[in-house]
Amino acid sequence: MSRRIKRTNQEPRSRDERREARPFRAKSPHKAGPRPGGKSGSKPGSKPGAKPQRFAGERAERRVPDEAPAKPVEALLPTKVQTVTVTADENNMRVDRFLEARFPGLSFSHIQRVVRKGELRVDGKRVDSKDRLEEGQSVRIPPLKLDTPKAAGPLSEAAQKTLAALKEMTIYEDDDVLVLNKPAGLAVQGGSGITRNVDQMLEVMRDAKGQKPRLVHRIDRETSGCLLIAKTRFAASHLTGAFRSRSARKVYWALVPGLPKPRQGRISTFLAKEESEDDTIMRIAQHGDEGASHAVTYYAVVETAGSKLTWVSLKPVTGRTHQLRAHMAHIGHPIVGDPKYFNIENWQLPGGLQNRLHLLARRIVIPHPRGGVIDASAPLPPHMQQSWNLLGLDATRFDPIENAPEE
């Protein structure tokens with residue numbers, strides 16, 4: 001059984017820990033549990049609320065304990081002014097994202113309103129919703145409330161099509177939680193030039209009380225795979241807490257040029273956001289640089305296609321923007337089809353492969369809010385399946401990333 005990861009403010013102890021890859025020792029495949037990729041579902045813990053086991057063992061239906069659930073998130077909303085301190089895990093987080101993470105269920109309009117009116121202050125000063133916070137800053141939070149829910153009514157023909165599209169993406173669902181297999185090209189949230197996104201689509205799933213399902217985390221627009229959604233405020237509070245405490249386990253699959261050495265390793269760097277008028281990228285930074293956050297990723301070679309391409313499995317410990325894409329580029333093996341980070345000059349894509357981002361959010365394992373464990377896997381998207389077929393890669397192979405450490 002995997003142990004819960006403790007958050008720490010300690011930085012890497014040596015220069016080597018901030019450099020490329022340090023090998024980890026994987027167990028023999030015949031000693032490991034079954035391969036990922038089976039039917040998505042959940043596993044019961046040894047008792048209600050048990051921590052998730054390492055990626056191994058039989059999958060079964062989730063058990064729901066008999067005791068009453070925790071108080072819903074409304075009880076957590078401040079009814080008077082309070083002051084909180086930005087934690088290390090919230091360093092470099094946007095003000096609006098900070099409020100979303102701290103208080104799941106707040107509407108976008110309400111967040112923008114309290115920031116615009118200056119009711120929220122950082123170190124005593126007014127801020128913009130897009131401003132980024134730093135660890136240790138003091139944030140004044142005004143009384144908050146949930147907006148009056150929209151009444152549920154009959155769905156229009158367009159809404160029915162949207163609902164059908166969401167159902168087609170669904171790989172796990174119960175009364176509290178939804179896991180979608182988000183297709184590549186569909187944005188998770190709205191933004192400049194985005195006309196359709198998952199958050200907008202979830203409007204058609206409002207329940208009888210007007211509650212809309214909420215995003216718990218995000219993946220890049222061109223990344224396909226597992227996206228976790230909370231259907232209730234109760235679930236949103238618990239799942240957000242699981243991500244904050246790093247008790248959620250995520251596995252990604254990618255196709256990269258060359259063969260990473262060592263074949264299994266740890267990438268530990270600092271990342272900082274570099275923004276321009278028309279683009280945003282993450283750059284490798286030094287400890288102490290403005291806006292720099294520590295990021296850790298484990299990787300493992302699963303299978304090679306000659307000497308030109310390699311299928312790697314990735315396990316992020318932290319969850320920084322573009323972390324996997326920036327880290328693989330940092331060690332000289334950028335992800336195939338990445339328009340931002342693929343930096344190998346004169347490299348030719350093998351014939352038949354599509355020039356699209358070859359990155360899949362393959363699997364997510366996270367404690368269920370009512371006990372047990374959610375364990376969901378997403379299949380290869382069509383463009384990656386085509387590449388796997390052309391290269392002769394076997395998607396059922398044992399994935400050695402299962403044996404990577406949890407921190």
Side-chain angles (χ1 to χ4, degrees), residues 5 7-22 85-102 115 122-123 125 127-139 187-189 191-192 217-223 243-244 246 250 252 254 256 260 265-299 314-335 338-344 357 359 361 407:
I5 297 182
R7 289 165 51 191
T8 173
N9 293 332
Q10 293 180 349
E11 305 297 349
R13 298 179 180 177
S14 68
R15 182 183 305 169
D16 291 338
E17 287 184 332
R18 294 197 298 270
R19 296 181 63 185
E20 282 94 80
R22 298 191 324 184
T85 302
V86 179
T87 66
D89 207 43
E90 293 165 334
N91 184 55
N92 201 38
M93 185 179 284
R94 279 174 40 158
V95 171
D96 52 1
R97 302 285 187 262
F98 171 83
L99 283 174
E100 284 180 349
R102 288 263 183 162
V115 175
V122 177
D123 289 341
K125 300 177 182 178
V127 292
D128 187 82
S129 60
K130 294 182 180 180
D131 289 344
R132 296 190 178 274
L133 299 170
E134 296 180 5
E135 179 185 356
Q137 284 185 318
S138 178
V139 181
V188 173
Q189 287 186 299
S192 178
H217 68 127
R218 297 160 185 81
I219 56 178
D220 295 341
R221 181 176 184 175
E222 294 304 323
T223 302
F243 273 93
R244 188 178 297 136
R246 297 178 186 167
K250 294 179 288 182
Y252 289 73
V256 302
R266 178 180 187 265
I267 308 170
S268 175
T269 71
F270 287 86
L271 294 175
K273 185 166 291 189
E274 209 167 70
E275 295 183 288
S276 62
E277 290 185 3
D278 44 319
D279 201 8
T280 299
I281 64 167
M282 300 299 289
R283 62 175 178 83
I284 302 300
Q286 298 297 317
H287 181 214
D289 286 357
E290 183 178 357
S293 299
H294 187 217
V296 176
T297 301
Y298 285 94
Y299 74 87
L314 304 166
K315 187 177 183 181
V317 176
T318 52
R320 312 304 179 198
T321 302
H322 297 174
Q323 176 177 316
L324 302 180
R325 298 163 64 182
H327 269 174
M328 293 311 294
H330 174 59
I331 65 170
H333 301 278
I335 298 172
D338 192 332
K340 289 180 181 284
Y341 299 94
F342 198 95
N343 51 10
I344 301 178
L357 183 66
L359 180 62
E407 57 187 8

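The basis for the numbers below is simple: all heavy atoms, side chains too, and nothing from hydrogens, waters or symmetry mates. Computed from a prediction, not measured in an experiment: that's the story for all the values here.
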Pairing residues for Arg218 by the salt bridge (charged side-chain N to carboxylate O under 4.0 Å, His left out) criterion, not counting sequence neighbours: Glu100
Report the residues that fulfil salt bridge (charged side-chain N to carboxylate O under 4.0 Å, His left out) with Glu134, sequence neighbours left out, ordered by chain and then residue number. none
List the residues meeting side-chain hydrogen bond (donor to acceptor under 3.5 Å, both in side chains) with Ser293, not counting sequence neighbours, and say none if there are none. Asn91
Is there a salt bridge (charged side-chain N to carboxylate O under 4.0 Å, His left out) between Arg94 and Asp96 once you walk through the steps? CA-CA 6 Å; Arg94 279 174 40 158; Asp96 52 1; 2.6 Å; yes
Looking only at heavy atoms, the pair that brings Pro316 and Leu314 closest together is CD-O, 3.8 Å
Got a second to check how far Met328's CE is from Leu359's CG, nearest 0.5 Å? 10.0 Å
Between Ala292 and Ala272, which heavy-atom pair has the shortest distance, and what is it? CA-CB, 4.1 Å
Separation between CD1 (Ile267) and OH (Tyr298), nearest 0.5 Å, reads 11.0 Å
Measuring from Thr321:OG1 to Met93:CE, what's the distance to the nearest 0.5 Å? 9.5 Å
Mind checking side-chain hydrogen bond (donor to acceptor under 3.5 Å, both in side chains) for His322 and listing every partner two or more places apart, or none if nothing turns up? Tyr341
OH on Tyr299 to CG on Leu324, rounded to 0.5 Å: 13.5 Å
Indicate whether any N or O donor in one side chain lies under 3.5 Å from an N or O acceptor in the other, for Thr269 and His330. no
Looking only at heavy atoms, what is the nearest atom pair of Leu271 and Ala295, with distance? CD1-CB, 3.8 Å
Nearest heavy atoms of Thr223 and Ile219, plus distance in Å: O-CD1, 3.8 Å
Can you tell me how far the CD atom of Glu274 sits from the CD1 atom of Ile281, to the nearest 0.5 Å? 5.0 Å
Of all heavy-atom pairs linking Gln137 and Leu133, the shortest is OE1-CA, 3.4 Å
Side-chain ion pair, Asp279 and Lys340, N-O less than 4.0 Å: yes
Side-chain contact test, heavy atoms from C-beta onward, threshold under 4.5 Å: evaluate it for Ile335 versus Leu357 and give yes or no. yes
Pairing residues for Gln323 by the side-chain hydrogen bond (donor to acceptor under 3.5 Å, both in side chains) criterion, not counting sequence neighbours: Thr297, Thr318
Where at least one partner belongs to residues 289-299, residue pairs that pass salt bridge (Lys or Arg N to Asp or Glu O under 4.0 Å), sequence neighbours excluded: Arg283-Asp289
Report yes if some heavy atom in the side chain of Val95 is under 4.5 Å from a heavy atom in the side chain of Val115; otherwise report no. yes
Sorted by chain and residue number, the side chain to side chain contact (heavy atoms under 4.5 Å, CB included) partners of Ile344 (sequence neighbours excluded) come out as Pro257, Pro334, Phe342, Trp347
Does the distance from a Lys or Arg side-chain N to an Asp or Glu carboxylate O, for Glu90 and Arg97, drop under 4.0 Å? no
Using the test side-chain hydrogen bond (donor to acceptor under 3.5 Å, both in side chains), find all partners of His333 that sit at least two apart in sequence or belong to another chain. none
Among residues at least two apart in sequence or on other chains, which ones pass salt bridge (charged side-chain N to carboxylate O under 4.0 Å, His left out) with Lys273? none
Spacing of Met282 atom CE and Phe270 atom CZ [to the nearest 0.5 Å]: 12.5 Å
For residues 319-333, which residue pairs qualify under salt bridge (Lys or Arg N to Asp or Glu O under 4.0 Å), counting only residues two or more places apart or in two chains? Asp220-Arg325, Arg325-Asp338
